[in-house]
Amino acid sequence: MNKLYRILSLLLIIPLLSGCWDRVEMNDVSFFMASALDLTEDGQLKTSILVPIPVAAGGDNGKVSPSGTLGKTYFVVSAKGSNIHDAERSIQQKISRRFFKGHRRVVFIGEALARKGIKDILDYYSRDPGSRLRTYIVVTKGKEAIEFLKNDHPIERIPSEEVRELERSGVGVSATFRDFLMMQARDGIEPVTGAVELVSPTGTVKEEEKYSLYQLSSTAVFKKYKLKGYLNDIETRSLRWIKEEVKQEIISGSIAGSGGNVGVVMNKMSSTIQTTMNGEKARIRIVLKGTGVLNEANVKLDLNQSGSLILIEDELGKLVADQTLRTIRKAQTEWKADIFGFGLQLHLFHYRTWQKIRPKWDAIFSDADVTVTAQISLRRAGIITNSLSENGVGES
Amino acid sequence: MINFGQNDRISNMELWTLMFVYVLGSLLTLPVGYAAGHDSWISAIIGTIAGIGINWIYAFLCAKYPQKSLVEIAHLLMGTWIGKAVGIMYFWYSFYLGAYVLRSFTDMTGAVLLPKTPTIIVGAIMIAVVAWTAFKGIEVISRCSLILFLFVVISTLMGSFLLIPDMELNNLFPILESGWSPILKGAGQIASVPLGETIVFAMLIPYVNRTAAVKKTVVSVIGVAGAMLVFTHFVNIFVLGEIASKQLFPSYTSVMYIAVADFFERIEPLVFTVWVFNEFTKLSVCLLVSALALSQTIGSRNFRFYLVPIGLLMLLLSLFLHPDQLNLMSFLKNVWPLYSIPFIIVIPLTLLALSMLKRKPVNRLN
Amino acid sequence: MFKQLFGNRKKRSNVFQDKTIGSTEGEDLVSSLNENESRLRAIFNGCSDVIFRSFQIRGQQNAFIVYIAGLVDEKQLEESLLKPLMLGDSTESSDSNPELLSFLRNRLITNSQLIQSSRFQIIEQEILRGSVAICIEEQMEALLVGIQGGNIRSVEQPSTENTVRGPRDSFTEILRTNTSLIRRKVRSSRLKIEMLTIGEITQTEVAIAYMKGITNESTLKEIRSRIQNIQIDVVLESGYIEQLIEEKSYSPFPQFLVTERPDYLVAGLLQGQVAIIVDGSPFAISAPMTFWGFLQAGEDYYERVLYANLIRLIRLSFAMIALLLPSLYVALTTFHQQMIPTNLLLSIASAREGVPFPALVEALMMEATFEGLREAGVRLPKQVGQAVSIVGGLVVGQAAVQAGIVSAPMVIVVSLTGIASFTIPRYNFSLAFRILRFPLILLAGMFGLYGISVGLMLILVHLCCLKSFGVPYLFPTAPVSLQGLKDSLFRAPLWTLYLHPQPTGKEKGSG
């Protein structure tokens, strides 16, 4: 009996000898670092991928790389197709190495495609077990997405890594596929994602710079999977403050009655939203709170007096409230898209009310009565007291 | 051949860990209980309470007849022929369960880890290891579970802990959005699939050295494992929100989302590895129990003889069960809870009622 | 239970058991001195190291002594034996023959070890063990005086098991020295040392040491009977005994502690182990041992508790590295590339670019090379040691990487694995990890992490089945013993531990 089992188990091993079905050597894999999706003029999907060239990317102290003959650290391949897989098939025909999508961190979506709708793309990324849900989804503002892949970056060997770092650093709106899908799936909030522009590093209009930089400048607003428009950076700040996504932010503005402007580093930022329904009319009250440090004071105020800081706080609060209100107005009028999640507040905490108004929410939101107040408190004013005067330091 | 099967004894602690590892085997593969979207944690709580009830029935029964397995109790109470029928039924239950566990295991492996490796190879390796382990007997399986228990707990807790930065507590609200009917449906799945499957332990309780404490052991392990289920549901809801119910493997998808310090990412194959241990334990128990049930039914003393044939049949059945994964999942979610009612509720309850009617000391001496 | 478990010990046949050559079985001394001498000369025919010396006891009786040169302390022989026998007053001696022997025994021979025998067989054996045989005219019995001596290695520092803190003595090749080293540490009459003779030809003395009252009686009985049942011609090392009485010969995991340090052995004895010491071997073995026992070193108890626990944790993690690192590397680089952080992945990919071998082959090749280097390091004469380390380090490491034959990450992995395997304190236990590494690499190369988990599963099941003399190999963890857990992976402070923390001898439950 025992012997029989031993023989049987040996027999079981035999088919294993031809094993290694899924084994793939690293040299036979091409890693996707980023993808760019564009809409072509004839309505097809153009997929471009960025593949790092291993030897060069690994940093081989100045040796000439055997495989990277272009002297570059990456290359970009694109193909057209009716959907992503169709396009990837054509790309695979151009690259001998097998695709590996597990390291893709950024997906650029061309503006035209975003306006057409990205539902199919989301399906692909959430269905494929090889892709990460933690892949940043970025809309390329103004240009085709492929341009963003091909842009040599002065610091990063792999240009798309720079975009990922930007997204992570918290300077603007960032959304992974999971975030986007979750926003999309929830009732009462419309998804947004970051929008990146290619800008000249020194700001010169002339196109003589050899490279461009990425700027995470604005927010792409989606509704029903379609890009509706952008929020600029001030509006983005308002949006993120309302959603409590921002941890640290610099606010600067001129202070009326002081003859100058200030710069404040905010580090505790919170918001309270109160949405109440009055019949078919929504009342939204937003209180923004922030604590910060006065770091730049080009004002003619005596900072030693307690009233001065309060004045700055009040003026900044007005400024912020005004900015925020304008942002909300823009969303209300231009897109009728509740990107702030006011409806979500109702949905989460006043479900009965929400059930009644759910189908009409877009209309209700667009003519909701919004009031914004901002309370900013400054804790410190740096390590000097008054700002430099014309006569010298320490005038007080 | 050395015969060490009959003298195997396991402690209550070993039974506890074995059942725990067994129950948590379903955690990663089966999207059970997610019918209610972000309310599914309520399903998990209700399902756990129901599961404790279900498990209490057979634990009580087994405590009443120490050293007797469920099939033997059925023989005693219902006579030889009905007893044999019951034996065959439980053989079928654990055999079919084993085939399902194997199938969902190979499916998941194929979907996420080894897409090109033939399913039969993955399954055959598993069955070979499992048959060898079952051959060694319950003592070895339960001792393995003691060690695996640590891995399972650590990997589950670590996986959840690392997801804390990505959790959004608001996902839990509004409570009871989808109403009670999907919640109860999910609760039924949880009570019958991961928690009800423990009925096979009614065949193993006779091996426990102190039968008196078994009731406490079973109830507490189902309670703790159920709490673990609830906990996992919470984690998945916090991380995935509404899209949790759309995922085929919600826990796996959440684990995929882990990223710590930009370095420790995509650790789901590690979690998968630990989960292989769970499935291994579960399959070993299923195989052992089906061999035990069969040998007790036909009056054979050597259950080991049946291990390899049953294992191979299990492998075959798992290959032909369902045409595709979605089909399998919908079967598990919709049909299996109903299918398992006779096995996990009706028969144990009947036996319990019969045992109440009959005077018990008669059987003690057998 | 024991019978069931260990029933099928194989009987080993004796190849050299030719009783006709020089057999002295059942023969006694005769009264004629000449005849006795010629008989003994016949026995030791051709043994040039056997010395015969004739003399007269105080000028009266003829006598001769027989001994083996080198086994006997010749100075003592002359001083304490020959001098009093040959010189001295003849009147003192008794004339009557029967009392001569007792006179010698009681009045003349001052040595402590002395026996009297009439059988050639015993005389022969005693001479071979280093006694001096004295045969006297008309006496039917010979006196056998034990004055063993000669050149032996003294007690030195242990050469294979180093510690920073702890005793510095180690066992030698002489059994009596070894038992004395143990006795010096345990001054208790509960320490029992039984003697047995194993080996049809070598007649090796084997000592079984145990603590009465601590050691489980059934374990002791089992070990004793297994040793008694050994039928073998040659015992040169304690490894012979270990292999002949261990339960699972084909298990990669050792079931005996092998040590040359008396303090380790004594610590084991005090935990209920049975030690076996073989004459001629500086390595004592003891059993039952558990998995965790093999991961412990004496210093764990000598150093303070926090550091001891840190070291135990590090040791366990490095043991796991030694077992798993190469296979994890293979699995991750060829199956689960998504698990490697992107930057690391790119550098590994660039290092691997141009390497002709698949990662699996590379891993197997490098591991085999490393094992070869290690084996060479053990075998080579000390004078050429440096050469090998240069060749090994420089050629295999640097040159091979620069030539692009192997990748640098693989060299790092292999050397880390090698270093890790040396952190396991018991050499025979680290062998298990070294062996198991290879199948795990193969499994990882075929199925990635799934293969590794299957391999780990198999190892775990095997460990759960394994018993060392009735004690489950994973003892305090599976089955769980709360008392035992105090000293397994972690060690509780010494004051919470009992004198014998691991009741190794006791069996669990009714099984």
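Chain identifiers are assigned alphabetically (A, B, ...) following the order of the sequence lines, protein sequences preceding nucleic acid strands; residue numbering begins at 1 within each chain.
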Original post:
With a 4.5 angstrom heavy-atom cut-off, which part of Ile141(B) approaches chain C: side chain, backbone, both or neither?
Top reply: neither

**OP:** With side-chain contact (heavy atoms from CB on, under 4.5 Å) as the test, would you mind laying out the steps for Leu163(B) and Ser254(B) before giving the verdict?
**Re:** CA-CA 8 Å; Leu163(B) 278 168; Ser254(B) 345; 3.8 Å; yes

Subject >> Under 4.5 Å from any heavy atom of chain B - which part of Leu474(C) >> reply: side chain

Original post:
Picking from Cys464(C), Ala331(C), Gly448(C), which has the most non-hydrogen pairs under 4.5 angstrom with chain B?
Top reply: Cys464(C)

**OP:** Kindly indicate, with the supporting measurements, whether the criterion side-chain hydrogen bond (donor to acceptor under 3.5 Å, both in side chains) is fulfilled by Asn209(B) and Ser11(B).
**Re:** CA-CA 6 Å; Asn209(B) 53 11; Ser11(B) 67; 5.4 Å; no

Subject >> Glu362(C) and Ser407(C) side chains, donor-acceptor separation under 3.5 Å >> reply: yes

**OP:** Using the ring-ring contact (aromatic ring centres under 6.0 Å, His included) rule, take Phe433(C) and Phe294(C) through it: C-alpha gap first, then chi angles, then the decisive distance, then the call.
**Re:** CA-CA 12 Å; Phe433(C) 286 75; Phe294(C) 280 109; over 10 Å; no

**OP:** Assign the ring pair Phe429(C) / Phe291(C) to parallel, tilted or perpendicular, where the plane angle (0 to 90°) is split at 30° and 60°.
**Re:** perpendicular

Original post:
Hey, which residues of residues 283-292 of chain B are touching chain C, say heavy atoms under 4.5 Å apart?
Top reply: none

**OP:** Would you please go through residues 107-119 of chain B and name the residues with a non-hydrogen atom below 4.5 Å from one of chain C, in numerical order?
**Re:** Leu113(B), Leu114(B), Thr117(B)

Subject >> Nearest-0.5 Å distance that lies between atom NZ in Lys136(B) and atom NE2 in His462(C) >> reply: 8.5 Å

Original post:
Side chain, backbone, both or neither: which part of Val140(B) has a non-hydrogen atom closer than 4.5 Å to chain C?
Top reply: both

Original post:
Relative to each other, are the rings of Tyr22(B) and Phe201(B) parallel, tilted or perpendicular (30° and 60° limits)?
Top reply: perpendicular

Original post:
Can you say whether Phe277(B) sits under 4.5 Å from chain C via the side chain, the backbone, both, or neither, judging by heavy atoms?
Top reply: both

Original post:
Taking Trp275(B) as the fixed residue, which of Phe280(B), Phe105(B), Tyr252(B) is the one that meets the ring-ring contact (aromatic ring centres under 6.0 Å, His included) rule?
Top reply: Phe105(B)

